[in-house]
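Worksheet: the structure to be examined is printed underneath.
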2 protein chains.
Amino acid sequence: MLELRLVQGSLLKKVLEAIKDLVTDANFDCSATGFSLQAMDSSHVALVALLLRSEGFEHYRCDRNISMGMNLNNMSKMLKCAGNDDIITIKGDDGSDTVTFMFESPNQDKISDFEMKLMDIDSEHLGIPEAEYHAIVKMPSSEFGRICKDLSSIGDTVVISVSKEGVKFSTRGDIGSANIVCRQNKTVDKPEGATIIEMNEPVSLTFALRYLNSFTKATTLSESVTISLSSELPVVVEYKIADMGYIRFYLAPKIEDEEEDMKS
Amino acid sequence: MLELRLVQGSLLKKVLEAIKDLVTDANFDCSATGFSLQAMDSSHVALVALLLRSEGFEHYRCDRNISMGMNLNNMSKMLKCAGNDDIITIKGDDGSDTVTFMFESPNQDKISDFEMKLMDIDSEHLGIPEAEYHAIVKMPSSEFGRICKDLSSIGDTVVISVSKEGVKFSTRGDIGSANIVCRQNKTVDKPEGATIIEMNEPVSLTFALRYLNSFTKATTLSESVTISLSSELPVVVEYKIADMGYIRFYLAPKIEDEEEDMKS
DNA sequence: ACAACAAAAT
DNA sequence: ATTTTGTTGT
């Protein structure tokens, strides 16, 4: 028996908008801790980890750990039928091969329930090691989104370099090249608008912009994004979900060999 | 000689937007009563009935009853050339095979006239019998539109059931099933936002969502919609046009045979 | 002002 | 069927 009542239903709608383009099918894992998901993207290059802690739900009942395989496109279709101000309740019965999404309009005049078939999904639940990062950049999520979008009109990959100067995003393509430098800036009025760089060691890594642009679909979930970088390690792009948890995206850096360096 | 001057020209523009996807050609009938139209959709499944009463026009001259066959797509193209605040005058001469639409901008700075060829259309003018309905639901037109749109992302048909509880819209498709229940609700501030259910007898009928979604193109014409249901009778979906008349859409229910019932 | 959605044109 | 344009909501 599973019953998770989320007052701010728009959060779940946004979460699905953020990941459904990256991952087609995934297992949602439900435990006393919360409602979580971990999945590779279809080309097995990027990894998404979602956590919605039980404390963030108005009502959270999960009698036993359960893993529910869902087609995220279909789930997203159903959640699109919820109003942005609706309360969403996720319901599951033990042994059932369906999940029910219930939507309640704010004034309780309209109650909808959508039943979706579950699917069996082989999930290789990867343990993600906690790592020390050479540099952690926190910046407005909208700014990061804009940079990824802008650079992808010039090139396919971005070099993210963190130094004392700030964080630099560089790309190069047929029509030219571009560098965007963001300096640390704590002096903004609201803390969410700040750009904060914690650097233990300079780091410079190359990533495919295609994936970063997918990650920025989560921009609506949080005003700020945290980018954690270490050489040889996947970058972590994290969007905090207010009072509930996070979405984290992991992406391995491209290893540029000498030849490619020389071409560029 | 025909001369109909409509101050709120946007009404006519909206009317055409509402019906031109359903009906390609139709006869507009003009009499002392008003300007009206009755036509089947191209697949002869749905019926549209429009009435704009003569009293709603600023000036209404119609010397003798006349029926003018128009291609609604072409008529719509011409009306798109009228500004939303323009005054529209429809002019016809006896024996002429054209109709003229005249548009006057609010400040009289711009006067346009568009002449359109008429066409001969066989019209089987059906008598629509007045019927007693088992249930009449009045609800915000936007909400009805949203429900039809949402459900059509799940299934092709909707079962509309009225009971004391309220009105329920249900569908079923490959990815799952859905039920949306709207309760009666007279306690909203503005009367147009209310959901009012008059029920003599419970009723449950199945309709093709495709047509209902066409009907909801009329949502812009009225804040509320009235849905009249009786078993075995076509549903009537009516949008009142302020001070002038209405658009009514008729759609026969699907008769679910045993076989289909068993499949679902 | 931007992005998502729906309508129209090719 | 696909691309472009206009409209709506955030």
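Below, all heavy atoms of this structure are taken into account, side chains as well, without hydrogens, waters or symmetry copies. Every chain is numbered from 1, with letters handed out A, B, ... down the list of sequences. Bear in mind that the values here come from a model prediction, so they are computed numbers and not experimental data.
- Atom NZ of A/K14 is separated from atom P of C/dA3 by 16 Å (rounded to the nearest Å).
- A ring-centre distance under 6.0 Å is not found for B/Y246 and B/Y239.
- Here A/E17 lies out of heavy-atom contact (under 4.0 Å) with every strand.
- A donor-acceptor pair is defined here as one N or O able to donate and one able to accept, closer than 3.5 Å; no such pair exists between the side chain of B/K14 and the backbone of B/G9.
- Atom C1' of nucleotide C/dA9 and atom NZ of B/K77 are separated by 10 Å, given to the nearest angstrom.
- Taking the centre of each ring, B/F103 and B/F114 come in below the 6.0 Å mark.
- Remark: B/K80 is not in phosphate contact with C/dA9, judged by side-chain N or O atoms under 4.0 Å from OP1 or OP2.
- Within 4.0 Å (heavy atoms only), B/K20 reaches sugar-phosphate atoms of the nucleic acid but no base atom.
- Atom CG in A/D21 sits roughly 13 Å away from atom C1' in C/dA4 (whole-Å rounding).
- Smallest separation of non-hydrogen atoms from A/V45 and A/M40: N-CE, 4.2 Å.
- The distance from atom CG of B/D150 to atom P of C/dA6 is 10 Å, rounded to the nearest whole Å.
- Between the CG atom of A/N84 and the P atom of D/dG9 there is a distance of 12 Å, given to the nearest Å.
- Between the NZ atom of A/K217 and the P atom of C/dA3 there is a distance of 12 Å, given to the nearest Å.
- The nucleotide whose nearest atom lies closest to any side-chain atom of A/K149 is, among D/dT10, C/dA8, C/dA3, C/dA3.
- The distance between atom CG of B/L16 and atom C1' of C/dA8, rounded to the nearest whole Å, is 16 Å.
- Following rounding to the nearest Å, B/N213 (CG) and C/dA6 (C1') show an atom-to-atom distance of 12 Å.
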